[in-house]
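A short worksheet on the structure shown next.
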Amino acid sequence: MKKEETPQDKSVLNNISSELYYVKNSDGTYNTSSSTGWNVKQEALDDAWSEIRERVENAKIAVEHGKKSPIFYYMEKNLMDISLLSSYVKFSKIRVWWHLRPSVYKRLNTHIIQRYAKVFSIELDDLNTLK
Amino acid sequence: MTDNFKHIQSAHCENGVITKLLRLAGHDYMTEPLAFGLGSGLFYIHLPYIKFNGGPAISFRTMPGRIFKRTCDSLKIEVSSKKFRDEQKAQEYLDNLLAQDIVVGCQVGVFNLTYFPPEYRFHFNAHNLIVYGKENGNYLISDPVMDKVSILSAEELNRVRFAKGMLAPNGHLYFIKKTQPISEELIRKGIERGIKRNVRDMLYIPGKIAGVDGILYTSNKIRTWRNKLGVRKAGHYLGQIIRMQEEIGTGGGGFRFIYAAFLEEAAKYCQNDNLLKISDEFTKSGDLWRQNAVNMAGILRGRSTEQKDFEQIADVMVEIYHIEKNAFKQLKEIEFR
């Protein structure tokens with residue numbers, strides 16, 4: 001890549017940081033060059049997030065229909081799966097899986113729910129409101 | 001240390017931390033490409049069956065932590081590194097080092113890294129940053145991929161140091177323990193060793209999924225994705241390749257440009273013009289990777305979604321395979337004095 005080809009497109013990095021590319025000077029030697037972002041990358045990132053948003057939306061519907069507990073919604077929202085969530089709350093995987101059932105969730109004591117709330121960085125009451 | 005600390009931005013976090021730590025220890029010739037090359041950083045692997053963030057697990061570089069270890073090994077620099085179970089102990093250990101004016105590298109997860117843009121906060125645990133001081137209970141952070149320094153509270157830093165999941169950092173920190181002046185001869189030896197190890201990793205690793213063969217493996221997979229997964233999911237998979245290849249940290253073209261820059265430097269150290277010629281090959285390969293990213297984005301955005309578009313991407317990857325294979329074969333033939 002030549003120095004003058006360094007992409008300077010709009011991206012989510014704007015106002016936060018620039019990024020560094022290794023590019024060729026006009027005399028054929030390598031140098032670094034600063035970039036504000038690249039469209040192609042931004043599109044890939046947008047695509048990844050639209051997929052995540054879709055998953056979260058589906059999770060919300062599942063919770064509202066009483067098929068899953070709110071923990072499931074927040075798990076998806078935090079881009080986690082059962083295995084990752086289990087290592088954060090320090091419950092076994094099967095226990096986390098069990099807590100995803102609405103009927104089980106209703107009977108959980110606050111002590112356990114508090115641990116989930118802490119991992120999701122939300123208040124205890126927020127767990128039931130699906131923000 | 002806090003007052004005269006100069007932040008340097010680099011393309012990749014691990015290289016950046018090594019470069020900065022070594023420079024602070026008096027090795028001011030150290031550059032990011034040199035660290036990358038000494039640590040034989042270039043790689044390619046496509047792990048089958050495993051999914052990462054719902055897409056293929058592909059990497060353009062060697063395992064996290066390896067570059068640091070190899071670079072320091074080949075320069076005979078003593079490094080101390082430590083992992084912890086207990087958050088409190090990890091913090092005390094860090095505070096203790098900072099009180100002695102030691103600059104420390106830390107492995108962290110980016111999901112809760114507050115100064116990162118929210119769109120970049122995935123559960124990725126092999127990020128590296130430098131802690132260079134503590135002020136009013138807050139830690140002074142120099143993150144090599146950012147263009148300026150940042151600040152994290154004790155709670156924020158503990159949180160990212162104890163991120164969970166794949167490659168969990170467990171509070172991993174490291175710093176340079178002992179160092180001696182390094183002769184050019186030692187650097188030349190390191191370069192030779194780094195290149196030879198990279199040739200081995202890319203050409204002779206057994207199996208079809210790693211090294212240059214891995215590129216061919218991905219290429220063959222891509223040909224089947226449209227029929228097997230449907231256009232939307234296939235596009236999502238390609239998007240994942242773009243992100244692994246270009247996302248902050250690679251310096252463009254899946255580290256190929258950094259490696260080309262390394263070979264250029266190596267040519268100077270070893271006074272060998274053949275290395276310069278091979279450097280051009282990697283520039284060519286990096287350019288093709290980037291051109292291919294543009295094609296992949298075309299599919300992702302629904303601009304071109306025919307089977308022939310997938311075939312075109314796969315064909316470019318075959319071309320890349322031949323270029324890189326050839327380049328490494330030439331590297332193998334290089335005679336070091």
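Chain identifiers are assigned alphabetically (A, B, ...) following the order of the sequence lines, protein sequences preceding nucleic acid strands; residue numbering begins at 1 within each chain.
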**Under-4.0 Å salt bridge between Glu5(A) and Lys24(A)** = no
**Fill in**
Applying a strict 4.5 Å limit to non-hydrogen atoms, the region of Ala168(B) in contact with chain A is neither
**Item:** Close contacts, residues 75-97 of chain A versus chain B, judged by heavy atoms under 4.5 Å
**Value:** Asn78(A), Leu79(A), Met80(A), Leu84(A), Ser87(A), Tyr88(A), Lys90(A)
**Asked** Rounded to the nearest 0.5 Å, what separation is found between the NZ atom of Lys268(B) and the CD1 atom of Ile191(B)?
**Response** 11.0 Å
**Message:** Less than 4.5 Å to any heavy atom of chain A: does that hold for the side chain of Lys284(B), its backbone, both, or neither?
**Reply:** neither
**Item:** Glu54(A) with Arg232(B): basic N within carboxylate O range, under 4.0 Å
**Value:** yes
**Item:** Sequence-distant partners of Phe255(B), ring-ring contact (aromatic ring centres under 6.0 Å, His included), two or more places apart
**Value:** His12(B), Phe36(B)
**Prompt:** Got a sec, which residues hit ring-ring contact (aromatic ring centres under 6.0 Å, His included) with Tyr259(B), two or more places apart in sequence or on another chain?
**Reply:** Phe262(B), Phe282(B)
**Prompt:** So how far is it from Asn274(B) CG to Ser279(B) OG, rounded to the nearest 0.5 Å?
**Reply:** 12.0 Å
**Complete:** Ranking Arg256(B), Glu32(B), Gln245(B) by heavy-atom pairs under 4.5 Å to chain A gives rank one to Glu32(B)
**Request:** Return the set of residues passing ring-ring contact (aromatic ring centres under 6.0 Å, His included) with His236(B) (not counting sequence neighbours), or none when no residue passes.
**Result:** none
**Message:** What part of Arg301(B) gets within 4.5 angstrom of chain A, counting heavy atoms only: side chain, backbone, both, or neither?
**Reply:** side chain
